[in-house]
Q: 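Here it is: the structure, laid out below.
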Amino acid sequence: MPPFGSGLLVLTAPLGALPRRAAAALAAAAGVVAGPLYVHLQPGLRLAAPAPRPAAPPACPALLRALAALYAAAAAQRGLDLRVLLGPGRRLARPPRVLLAAAAEAPGPPGPVELGLQHLAAAAYGCPPRLPALLLGGPEEPGGEPGGGPEGGPEDPDAALPDFSDVAVGGTFDRLHGAHRFLLSACCLLARQRLLAGVADGDLLRHKVLMELIEPYELRAAKLREFLEDVQPSLRYDIVPLVDPYGPSITDPDLQCLVVSEETRRGGEAVNKKRLENGLPELALYEILLMKDPDHSQNEEEKISSSSLRHRLLGTLLRPPRQDPALPSRPYVIGLTGGTGSGKTSIAKILGHLGAFLIDADKLGHAVYVPGGPAYEQVVAAFGTDILNEDGTINRKVLGAKVFGNQERLKSLTDIVWPEMARMVKEQIGEADAQGKAVCVLDAAVLLEAGWQDMVHEVWTAIIPEEEAVKRVMARDGLSEEAARSRLQSQMTNSQRVEQSQVVLCTLWEPDITRKQVEKAWALLQQRLSQEHSL
């Protein structure tokens, strides 16, 4: 873990040089700073001067290229919280604990440069004096001082970005990544007074990939505001929920510009059509290029995107395991759950091949109903002999029809059956221990409904979009679409399960991708168990 929780990196190279230097500078800084890394850009600043004075970088095309390069380079340092500052004037949300500069940009004895860093940080951002100051090493730029443009050509000194009093932008802004940060920074450079940021919510999220893993609106809005107020404190920010594709962009008369990407330009054109219908002038559409993700893997988008980040969360630990002294440390029990058609059974099989002891709750459920089984007499007494087949066995389809859609009858049944199944589960966990198994997986669709999470260290949930689940249930069980959808809607939702889970898996894609997810989750589990045993 890097030694400092936050840092301020001062870059003084010409803006045209930064696209070639960004990767090395951020890689070096990422080795020192664990949390937010703020970047102060001031081309030509002499840090060794007696009292270097802070200034905002010029709002020009070269600055946009530099920002794109920095945020793209940050994406390669996964987890780096980069915030390139566009104007001094306010204490930063996470005050820096260390000051950094590139050694190649700070010629002269280290002492005056370090002192200059301290003066600059205090004057620009109210940082306390005597913060640690470090010079980052790195290779010199070949060929002397680079020129201005991305190909080394000179920059037009009079080039400037257009500006507008009020600018609008919209998006999901989930897990604020480099492409979001570049987009928002461009908005800040274009706006003189106000930025209106619409944050997608409600039905707009329904068809997003892995929408169950999207952060809550309040958290996304809070992160968005903190970032914006850090990078450009002089603007006013209106952050509002978007529950339809237009939001206030079609009714706000003060707006002058809408920032879009190649993907969202058609949406911008639709906004302008609505504005004209409402008697408002069209907005200028300022298009930002999409940022490529050089490290995208199979089944991820080529651009830097929130859906790729959510995909990378699959199989990882989303929240800490339960700490319950009543739980035995061995075997370590995973509760695997998921709705009908979620692919839970295929995940259980992979875990079994990896070495887990499997407990199939569905098989235990069948066992409690057989004549002489622990729940047989009570179920017959409660629901009548008309649920019996000629051979005296319980007809579960007839029993199911009696309780389906009737919450009171269903509760009467589960109050009989679930405690008996829980007792059998505990016996099976004991058997896993007797066999020397380190990990036991309880495969149970009703894990959370039955309250069995008290018996497990971690809950792992398999999810699948409802539309895909409907198709699978129709194909597997021969049901109509209406019957399949009704069955799914009678169950706990994916989001409700995810909220109570430590690990989430998704079987939407090819079996090989599911297998890799499960293997990743298993490997990370082994790391956790190894660390726990080493304490």
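Worth saying up front: this structure is predicted, and the values here are computed from it rather than measured.
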Q: Specify the closest pair of heavy atoms between Ala444 and Ala361, including all atoms of both residues, with the distance to one decimal.
A: CB-CB, 3.6 Å
Q: Flag yes if more than 12 heavy atoms outside Lys208 fall under 6.0 Å of its NZ atom; otherwise flag no.
A: no
Q: What's the spacing between His353 NE2 and Glu519 CD if we round to 0.5 Å?
A: 11.0 Å
Q: If I compare all heavy atoms of Phe227 with all of Ser185, which pair ends up nearest, and what's the gap?
A: CZ-OG, 4.0 Å
Q: When rounded to the nearest 0.5 angstrom, what distance separates CZ in Arg236 from CG in Leu228?
A: 13.5 Å
Q: Which of these passes side chain to side chain contact (heavy atoms under 4.5 Å, CB included) with Leu196: Val169, Leu255, Leu258, Asp166?
A: Leu255
Q: Indicate whether any N or O donor in one side chain lies under 3.5 Å from an N or O acceptor in the other, for Glu431 and Gln435.
A: yes
Q: Using 0.5 Å steps for rounding, measure from the CG atom of Leu313 to the CG atom of Leu210.
A: 8.5 Å
Q: Name the one of Asp443, Leu351, Val441, Val504 that satisfies side chain to side chain contact (heavy atoms under 4.5 Å, CB included) with Trp460?
A: Leu351
Q: Show, in sequence, the C-alpha distance, side-chain angles and deciding distance for Lys344 and Ile347, and conclude whether the side-chain contact (heavy atoms from CB on, under 4.5 Å) test is met.
A: CA-CA 5 Å; Lys344 174 178 60 66; Ile347 290 171; 5.7 Å; no
Q: Applying side-chain contact (heavy atoms from CB on, under 4.5 Å) to Arg476 and Thr340, what does each step give before you reach the verdict?
A: CA-CA 10 Å; Arg476 184 190 67 193; Thr340 300; 3.0 Å; yes
Q: Give a yes/no verdict on a cation-pi contact between Lys274 and Tyr246, requiring under 6.0 Å between NZ or CZ and the six-membered ring centre and an angle within 45° of the axis.
A: yes
Q: Please report the interatomic distance OH(Tyr332) to CD(Gln526), rounded to the nearest 0.5 Å.
A: 10.5 Å
Q: Is it the case that atom CD in Glu262 sees more than 12 heavy atoms from other parts of the structure closer than 6.0 Å?
A: no
Q: Evaluate whether atom CG of Leu289 has more than 12 neighbouring non-hydrogen atoms of other residues, nucleotides or ligands under 6.0 angstrom away.
A: no
Q: Hey, are the side chains of Leu290 and Glu263 touching, using non-hydrogen atoms and a 4.5 Å cut-off?
A: yes
Q: What are the two closest heavy atoms between Ala30 and Gln77, and how far apart are they?
A: CB-OE1, 3.8 Å
Q: More than 12 non-hydrogen atoms from neighbouring residues, nucleotides or ligands closer than 6.0 Å to CD on Glu482, yes or no?
A: no
Q: Would you call Arg94-Asp230 a salt bridge at under 4.0 Å N-O?
A: no
Q: Run the side-chain contact (heavy atoms from CB on, under 4.5 Å) test on Leu285 and Arg265 for me, step by step, so that the C-alpha distance in whole Å, both residues' side-chain angles and the decisive distance to 0.1 Å come before the verdict.
A: CA-CA 8 Å; Leu285 299 181; Arg265 173 171 276 278; 3.9 Å; yes
Q: Working to the nearest 0.5 angstrom, can you tell me the gap between Glu215 CD and Asp174 CG?
A: 5.0 Å
Q: I'd like to know whether Glu226 forms a salt bridge (charged side-chain N to carboxylate O under 4.0 Å, His left out) with Arg83, so could you lay out the CA-CA distance, the side-chain angles of the two residues, the decisive distance to 0.1 Å, and finally the verdict.
A: CA-CA 10 Å; Glu226 181 178 295; Arg83 308 180 189 192; 3.0 Å; yes
Q: Checking side chain to side chain contact (heavy atoms under 4.5 Å, CB included) between Thr461 and each of Ser501, Ser342, Cys506, which is the one that passes?
A: Ser501
Q: Which word best sums up how the rings of Trp452 and Trp418 line up, parallel for under 30°, tilted for 30 to 60°, or perpendicular for over 60°?
A: perpendicular
Q: Could you pull out the closest heavy-atom pair between Thr172 and Val199, with the gap in Å?
A: O-CG1, 3.7 Å
Q: Could you tell me whether Lys402 atom NZ has more than 12 heavy atoms of other residues or ligands within 6.0 Å of it?
A: yes
Q: Does a side chain donor of either Ser305 or Ser307 reach within less than 3.5 Å of an acceptor in the other side chain?
A: yes
Q: Minimum heavy-atom separation for Leu508 and Pro465, please, with both atom names.
A: CD1-CD, 4.0 Å
Q: For residues Arg515 and Ile350, report the shortest heavy-atom separation together with the two atoms involved.
A: CA-CD1, 3.8 Å
Q: For atom CD of Glu408, decide whether the heavy atoms of other residues, nucleotides or ligands shown that lie under 6.0 angstrom number more than 12.
A: no
